[in-house]
Asks: 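First the structure, which I've put down as structure tokens, then a few questions once you've had a look.
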Amino acid sequence: MGGITTGEQENYRPAFLQQSSLTSSESEDDDGFLELLDEEDLKNDEEMPSDVASLWTAPLVMRKTDNRAKRCRLFGSSSLPSGVERTTQKRMERSQEENSPGKSKKRKSLPGTPEDSTSLKIVRTQSSTAEIESILDSDQRDLIGDFSKGYLFHTVDGKHQDLKYIDSEMIVSVLTGKFASFIKECVIIDCRYPYEYEGGHIKGAVNLHMEEDVEDYLLKKPIQPSGNKRVIIVFHCEFSSERGPRMCRFVRERDRLGNEYPNLHYPELYVLKGGYKDFFLRCRSFCEPQSYRPMHHEDFKEDLKRFRTKSRTWAGEKSKRELYSRLKKL
């Protein structure tokens, strides 16, 4: 947002504690939902043809798959029109034909044809460049979900390229009031299981690990921005690997369904990179209590099993309800 420069944001960064040697018994954030996902294989993304790939960044190439296209739609990213590739190929073929010796002689013998073909090539090049620039200018990936303004927080690279990630230092800047004049409310959604949350969480974070609870909390009575002040939602779990990103996508999906595109109740969503584990290692003084309880803690195996079963049961019932709803519309 205008008014905050990169230099000013850097001045907000407090001193952080050195990382400790805390470890978890599991290195992956497997919360038992992996079999409920869409079984997409992120490693087998289709590659863009070589003559078009140079016009695009990596995130746009990955949106070639059906699931990625759905995510781009949810988060407001624009994509290249389907006819651009064919147009480019046709221009290349036409250019090759016109440059062949036979074609060149034939064109020169036609009445009214310019003798200097260089000017014609320049015009075509300029036209192609203008079209490409127009497409790139319409790319709205740097705007929030309703395209009304840019993202307020500085973002970093994360595991899921369709989501916006922020680091632990940005959360501390929010907690210490550095963005008070720009934010009405910043809701931190802790998507871990209750025993994890009780073992230590970010100050002010709300523990909502079920999709139905998040929907009730955020969308039944949406938080309204005031004036130029924003409402921002940040999601995280233990590592922000699966549960946090999945909840972020769920909120955007339900928000889209409840509004006329591109309007949204919560256009500015972020995921905390590294999750609570990384935040605790860097910013322990902003946690309460100042401790960290991993999901796979030895003393909470039964709790883990119970919450997993409850989540799976609800997800299964939800799938049946959605299927029944779709059948009724046929």
Side-chain angles (χ1 to χ4, degrees), residues 29-34 36-38 70-71 73-76 144-146 153 158-160 162-166 171 174-175 183-225 230-259 263-277 279 295 303-304 306-322 325:
D29 191 14
D30 175 15
D31 56 4
F33 272 99
L34 299 181
L36 297 178
L37 302 180
D38 294 333
K70 178 181 178 182
R71 293 177 186 173
R73 174 69 175 177
L74 289 176
F75 284 84
I144 61 177
D146 61 0
F153 296 156
K159 177 180 178 180
H160 303 277
D162 60 308
L163 305 178
K164 293 293 184 180
Y165 285 80
I166 59 174
I171 292 291
V174 174
L175 295 177
I183 299 175
K184 176 185 177 181
E185 188 169 350
C186 179
V187 183
I188 302 174
I189 304 294
D190 189 330
C191 303
R192 296 176 300 159
Y193 298 134
Y195 68 89
E196 298 176 82
Y197 177 86
E198 293 166 1
H201 57 269
I202 300 173
K203 289 182 179 179
V206 182
N207 184 214
L208 300 169
H209 72 284
M210 296 285 288
E211 290 180 349
E212 58 182 348
D213 295 334
V214 174
E215 188 172 8
D216 289 344
Y217 186 87
L218 292 178
L219 297 175
K220 277 199 170 181
K221 190 177 180 181
I223 306 170
Q224 300 296 329
R230 312 183 185 205
V231 175
I232 292 174
I233 314 295
V234 181
F235 300 85
H236 80 85
C237 50
E238 183 174 358
F239 307 107
S240 288
S241 177
E242 296 298 337
R243 289 177 287 177
R246 183 173 61 248
M247 195 70 79
C248 180
R249 293 193 185 107
F250 171 78
V251 170
R252 175 53 54 84
E253 178 183 2
R254 304 306 296 178
D255 203 354
R256 285 280 186 219
L257 291 175
N259 287 281
N263 297 325
L264 290 166
H265 294 303
Y266 304 106
E268 195 160 358
L269 306 179
Y270 298 93
V271 175
L272 173 60
K273 184 174 182 179
Y276 181 74
K277 179 180 180 181
F279 186 88
M295 182 178 71
D303 295 87
L304 173 59
R306 176 166 53 89
F307 286 118
R308 277 181 168 177
T309 301
K310 181 180 178 182
S311 298
R312 286 171 177 168
T313 301
W314 183 86
E317 292 175 351
K318 175 190 172 188
S319 298
K320 291 179 182 178
R321 290 194 300 268
E322 291 179 345
S325 177

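For the single chain, residues carry numbers from 1 onward in sequence order.
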Asks: Before giving the answer on salt bridge (charged side-chain N to carboxylate O under 4.0 Å, His left out), spell out for D303 and R306 the whole-Å C-alpha distance, their side-chain angles and the decisive distance to 0.1 Å.
Replies: CA-CA 5 Å; D303 295 87; R306 176 166 53 89; 3.0 Å; yes
Asks: Please enumerate all residues that pass ring pair (Phe, Tyr, Trp, His ring centres under 6.0 Å) together with F235, with sequence neighbours excluded.
Replies: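 Partners of F235 by the ring pair (Phe, Tyr, Trp, His ring centres under 6.0 Å) criterion come out as none, since no residue qualifies.
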Asks: To the nearest 0.5 angstrom, please state how far the CE atom of M210 sits from the CE atom of M247.
Replies: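 Here the rounded value is 8.5 Å.
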Asks: Backbone N or O of I223 within a donor-acceptor pair of the Y266 side chain at under 3.5 Å?
Replies: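 Flag set: sc Y266 to bb I223 pair under 3.5 Å.
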Asks: For a side-chain contact (heavy atoms from CB on, under 4.5 Å) check, start with the C-alpha distance between V271 and H160, then their side-chain angles and the critical distance, and finish with the verdict.
Replies: CA-CA 10 Å; V271 175; H160 303 277; over 6 Å; no
Asks: Can you name the closest pair of heavy atoms from D146 and L264 and give their distance?
Replies: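 The pair with the smallest heavy-atom distance is N-CD1, 4.0 Å.
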Asks: For the pair H265 and N259, evaluate side-chain contact (heavy atoms from CB on, under 4.5 Å) and give the outcome as yes or no after the intermediate values.
Replies: CA-CA 8 Å; H265 294 303; N259 287 281; 3.3 Å; yes
Asks: Can you confirm whether Y195 sits close enough to M295 that some side-chain heavy atom of one is under 4.5 Å from a side-chain heavy atom of the other?
Replies: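 Sidechains of M295 and Y195: in contact.
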Asks: Within a strict 4.5 Å, meaning less than it, do heavy atoms of the C191 and Y276 side chains meet?
Replies: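 No. Closest side-chain heavy atoms not under 4.5 Å.
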Asks: Decide yes or no for K159 and E242: does some side-chain heavy atom of the first lie under 4.5 Å from some side-chain heavy atom of the second?
Replies: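 The answer is yes, as the side chains (C-beta and beyond) meet within the 4.5 Å cut-off.
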Asks: Apply side-chain contact (heavy atoms from CB on, under 4.5 Å) to the pair L272 and I202, showing each step before the final yes or no.
Replies: CA-CA 11 Å; L272 173 60; I202 300 173; 3.8 Å; yes
Asks: Mind listing the closest non-hydrogen atom pair of C237 and G244 along with its distance?
Replies: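 Where C237 meets G244 most closely, the heavy atoms are SG-N, 3.3 Å.
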Asks: Would you say the side chain of H201 lies within less than 4.5 Å of the side chain of N207, judging by non-hydrogen atoms?
Replies: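 Counting from C-beta outward, N207 and H201 never come under 4.5 Å.
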Asks: How would you list, by chain and number, every residue that makes a side-chain hydrogen bond (donor to acceptor under 3.5 Å, both in side chains) with E268, sequence neighbours excluded?
Replies: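 For E268 the side-chain hydrogen bond (donor to acceptor under 3.5 Å, both in side chains) partners, ignoring immediate neighbours, are R230, Y270.
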Asks: Between the side chain of Y197 and the main-chain N/O of H209, is any donor-acceptor distance below 3.5 Å?
Replies: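 Not a single qualifying donor-acceptor pair exists.
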Asks: Could you state the interatomic distance from CD1 (I233) to SG (C186), rounded to the nearest 0.5 Å?
Replies: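 Atom-to-atom, I233:CD1 and C186:SG are 7.5 Å apart.
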Asks: Could you state the interatomic distance from CZ (R243) to OH (Y193), rounded to the nearest 0.5 Å?
Replies: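 So the CZ of R243 and the OH of Y193 are separated by 5.5 Å.
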Asks: For a quick test of reading the model, state the closest non-hydrogen atom pair linking P245 to S240 and the distance between them.
Replies: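 Smallest heavy-atom distance, with atoms named: CG-O, 3.5 Å.
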Asks: Between CD of E215 and CZ of R254, what distance do you get to the nearest 0.5 Å?
Replies: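 Here the rounded value is 4.5 Å.
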Asks: When rounded to the nearest 0.5 angstrom, what distance separates CD1 in I171 from CD1 in I166?
Replies: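 Reported value, rounded in 0.5 Å steps: 4.0 Å.
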Asks: Heavy atoms only: give me the nearest K164-L269 pair and the separation to one decimal.
Replies: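 Scanning both residues completely, I find the closest heavy atoms to be CB-O, 3.9 Å.
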Asks: Counting neighbours of OH on Y217 that are heavy atoms of other residues, nucleotides or ligands and sit closer than 6.0 Å, is the number greater than 12?
Replies: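 No - once you tally the heavy atoms of other residues, nucleotides and ligands closer than 6.0 Å, there are 12 at most.
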Asks: Taking it one step at a time, do E196 and K277 satisfy salt bridge (charged side-chain N to carboxylate O under 4.0 Å, His left out)?
Replies: CA-CA 11 Å; E196 298 176 82; K277 179 180 180 181; over 6 Å; no
Asks: Would you compute the distance between atom CD1 of I232 and atom NZ of K184 and round it to the nearest 0.5 angstrom?
Replies: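 Between atom CD1 of I232 and atom NZ of K184 there are 13.0 Å.
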Asks: I'd like to know if E211 and R249 make a salt bridge, using a cut-off of under 4.0 Å between side-chain N and carboxylate O.
Replies: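 R249 and E211: not salt-bridged.
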Asks: Can you list the steps and then say if H236 with R192 is a side-chain contact (heavy atoms from CB on, under 4.5 Å)?
Replies: CA-CA 8 Å; H236 80 85; R192 296 176 300 159; 4.2 Å; yes
Asks: Looking only at heavy atoms, which two atoms of D190 and A205 are closest? And how far apart?
Replies: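 Shortest heavy-atom separation between D190 and A205 comes out as CB-CB, 4.3 Å.
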